[in-house]
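Note sheet for the following structure.
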Number of protein chains: 2
Amino acid sequence: MSVHSPLDRAPSLADVLAQRLAGDIAEGRYGPGEKLPSEQQIASSYGVSRPIVREAIGRLKHDGLITSRQGSGAFVAESGGASVFRLDVSNFTDRAEIESIIELLMAIESSATELAAQRRTEEDLSQIGTQLEAMQQAIGRGDSGVDEDVAFHQAIVDATKNPFFKDLSTFLDRRVRSFIRTARANTAKLQTGHMMAVQEEHRTIFEAIKAQDSRAAREAAEDHLKRAAARLAIYMDRS
Amino acid sequence: MSVHSPLDRAPSLADVLAQRLAGDIAEGRYGPGEKLPSEQQIASSYGVSRPIVREAIGRLKHDGLITSRQGSGAFVAESGGASVFRLDVSNFTDRAEIESIIELLMAIESSATELAAQRRTEEDLSQIGTQLEAMQQAIGRGDSGVDEDVAFHQAIVDATKNPFFKDLSTFLDRRVRSFIRTARANTAKLQTGHMMAVQEEHRTIFEAIKAQDSRAAREAAEDHLKRAAARLAIYMDRS
DNA sequence: TTGACCATCTTGTCAGGCAACTTGGTTATA
DNA sequence: TATAACCAAGTTGCCTGACAAGATGGTCAA
């Protein structure tokens, strides 16, 4: 039984207009700092109403592609490109895309673990330890332990004090978590053994962070993530 | 002489409304799959007009936070959180933020270099080699070589065949590049020596990728990026 | 009980208009 | 002539009102 994707509706006019304008900017038809035509002109030249133009421009503004000044006009943002990066993983069914995401997650988390080992305070360490313990108890209860697993990694990422690592990791974790959940549910027989292994790997990471051995922390994280990815791949091959 | 930032204007109504709605969703006031109030209701309850509500909702839709169906209503996206990640580095003046970005860039590029060593085709290798050569010629011409430097790393990231690495790295490079440019310009006396060193480090990376030695590639990339960050830090301390 | 049908609600789009702000030229003054 | 005040046109920000298209729930007839 498969869940139907929400069958992508016809994109709204504002959508296609925003995309066309973004394309025009990307292709350099409007250079950096250049003034865009007025909303009226855009509206008439594209054959849509001004509210549509406003909506499209508002979107580009939101993405940092353009800035507008009341009474003056809308201008393409300075210095090559947006100030906002959009990571769009909406088509989450493609296996290649999932693997790409997991790769990105591995890159982030292994680096984060290394940094965490260098920077962790005593409080960070206690937080991570708490999550490690929570995972242990989840195993004892026979829970899936996915939430505790994610929380453990989140605690590590928090210790880097780098908000970008944190936000990106939170986002990627969210996107991957449902996969992990179903994977663990569908491999119920192997679950206990797997989770004991996971916990062992977590403990190795924890000890490295505790010892502030960044190199060991990175290697332990890489090892753990590679194994985790392999465990996930087994599930994906089966389904 | 400092360039004034465009002195952030009063945020538009749609902006603050979008932020409030996003906050409501993040805090779980509207659960996943739940239906939002109608545009009319939102408009009257927030004291704004419907076009403003439309603009705000359109923004959230753009970010994958909600989906709307004509005739039915707007619904919070399923499965915890957006399908689009926004990396906002608009306040690029804060030094801590710059360092965080550089850290992220280092994490991405060192992992990318490792993957590139594993996956590079002959064509990838020749592309990377071409950029290495271009950098050499830029040094000969006395150019800054920033563009060639970036192109070299881009060629490596391309070889990973991972679009997320590529897009993220392109974006981060763009944001950091202007800094590097000014840094090299302001350290003109050290420039030649620095660039020879850079080129040497690049060659080490290239050789590792050529030999498909992923471990050596990662270490060379890490070494190079750490040195690059240190060179940048020298400039930032001076300014 | 079941099926067709319709009133109602909601979103998508449009038209027109007013207020606030910017800009460039015009005019009056020193 | 040069300068300063001023004004008119253009532009964005926002609003009201309206209609079309699609979805939903209830009603009524078979």
Side-chain angles (χ1 to χ4, degrees), chain A residues 4-22 24-25 30-78, chain B residues 4-22 24-25 30-78:
Chain A
H4 291 281
S5 68
L7 106 111
D8 35 350
R9 305 184 52 72
S12 72
L13 285 181
D15 256 317
V16 308
L17 180 57
Q19 218 158 340
R20 284 187 64 167
L21 289 176
D24 287 350
I25 292 174
Y30 301 116
E34 195 174 334
K35 183 178 172 305
L36 291 177
S38 74
E39 295 179 352
Q40 290 268 9
Q41 286 175 329
I42 295 178
S44 66
S45 81
Y46 281 96
V48 295
S49 71
R50 196 158 85 91
I52 297 299
V53 176
R54 281 194 62 73
E55 210 174 313
I57 286 185
R59 223 161 281 186
L60 300 184
K61 230 176 349 180
H62 185 51
D63 287 351
L65 239 71
I66 68 176
T67 60
S68 64
R69 291 198 301 275
Q70 183 173 334
S72 175
F75 301 84
V76 177
E78 298 285 347
Chain B
H4 291 282
S5 67
L7 103 113
D8 36 350
R9 306 182 52 72
S12 72
L13 285 181
D15 256 317
V16 309
L17 180 57
Q19 218 158 340
R20 282 188 65 169
L21 289 177
D24 287 350
I25 292 174
Y30 302 116
E34 195 173 334
K35 183 176 174 306
L36 291 176
S38 74
E39 296 180 352
Q40 292 267 9
Q41 286 176 330
I42 296 177
S44 66
S45 82
Y46 281 95
V48 295
S49 72
R50 196 159 84 90
I52 296 300
V53 176
R54 282 195 60 74
E55 206 175 317
I57 286 184
R59 222 162 279 186
L60 299 184
K61 229 178 346 183
H62 187 50
D63 287 352
L65 237 73
I66 69 176
T67 60
S68 64
R69 291 198 300 274
Q70 183 172 335
S72 175
F75 302 84
V76 177
E78 297 286 347

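- Distance from the side chain of B:K61 is smallest for C:dG12 among the nucleotides C:dG12, D:dT11, D:dG13.
- Using a 4.0 Å heavy-atom cutoff across all strands shown, B:A74 reaches sugar-phosphate atoms only and no base atom.
- D:dG25 atom C1' lies 14 Å from atom NZ of B:K35, rounded to whole Å.
- Rounded to whole Å, the distance from CZ on B:F75 to P on C:dT10 is 11 Å.
- With sequence neighbours excluded, no residue satisfies side chain to side chain donor-acceptor pair (under 3.5 Å) with B:Y30.
- Interface residues of residues 48-58 of chain B facing DNA chain D, ordered by number: B:V48, B:S49, B:R50, B:P51, B:I52; criterion, heavy-atom separation under 4.0 Å.
- Summarising the geometry, the separation between CD1 on B:I42 and C1' on C:dT11 is reported as 12 Å, rounded to the nearest angstrom.
- Take B:A56 and apply the side-chain contact (heavy atoms from CB on, under 4.5 Å) test, not counting sequence neighbours, and it matches B:L17, B:A18.
- For the pair B:L13 CG and C:dA20 P, the interatomic distance rounds to 14 Å; values are reported in whole Å.
- Among all heavy-atom pairs drawn from B:K35 and B:S38, the shortest one is NZ-N, 4.5 Å.
- Under the side-chain contact (heavy atoms from CB on, under 4.5 Å) criterion, A:Q19 pairs with no residue at all, not counting sequence neighbours.
- One interatomic measurement links the two molecules: CD of A:E39 to P of C:dC18, which rounds to 18 Å at whole-angstrom precision.
- Contact between A:A43 and A:S49 at its shortest, heavy atoms only, is CB-C, 4.0 Å.
- Of all heavy-atom pairs spanning A:K61 and A:T67, the tightest one is CG-CA, 4.2 Å.
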Steps toward side chain to side chain contact (heavy atoms under 4.5 Å, CB included) verdict (B:D15, B:R59) = CA-CA 9 Å; B:D15 256 317; B:R59 222 162 279 186; 2.9 Å; yes
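- As rounded to whole Å, 9 Å separates atom P of C:dG12 from atom CD1 of B:I66.
- Between the CD atom of A:Q40 and the C1' atom of D:dG13 there is a distance of 13 Å, given to the nearest Å.
- Of all nucleotides listed (D:dT12, D:dC14, C:dT11), D:dT12 comes nearest to the side chain of A:S68.
- Protein atom CG of B:L36 is 16 Å distant from nucleotide atom C1' of C:dC9, rounded to whole Å.
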Show each protein N/O and nucleotides 8-10 of chain D N/O combination with a separation under 3.5 Å, one pair to a line.
unit_1 : atom_1 : unit_2 : atom_2 : d
D:dG10 : N2     : A:G71  : O      : 2.9

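- In this structure the side chain of B:I57 reaches within 4.5 angstrom of the side chain of B:I42, judged on heavy atoms.
- Applying the side chain to side chain donor-acceptor pair (under 3.5 Å) criterion to B:R50, with sequence neighbours excluded, gives B:E39.
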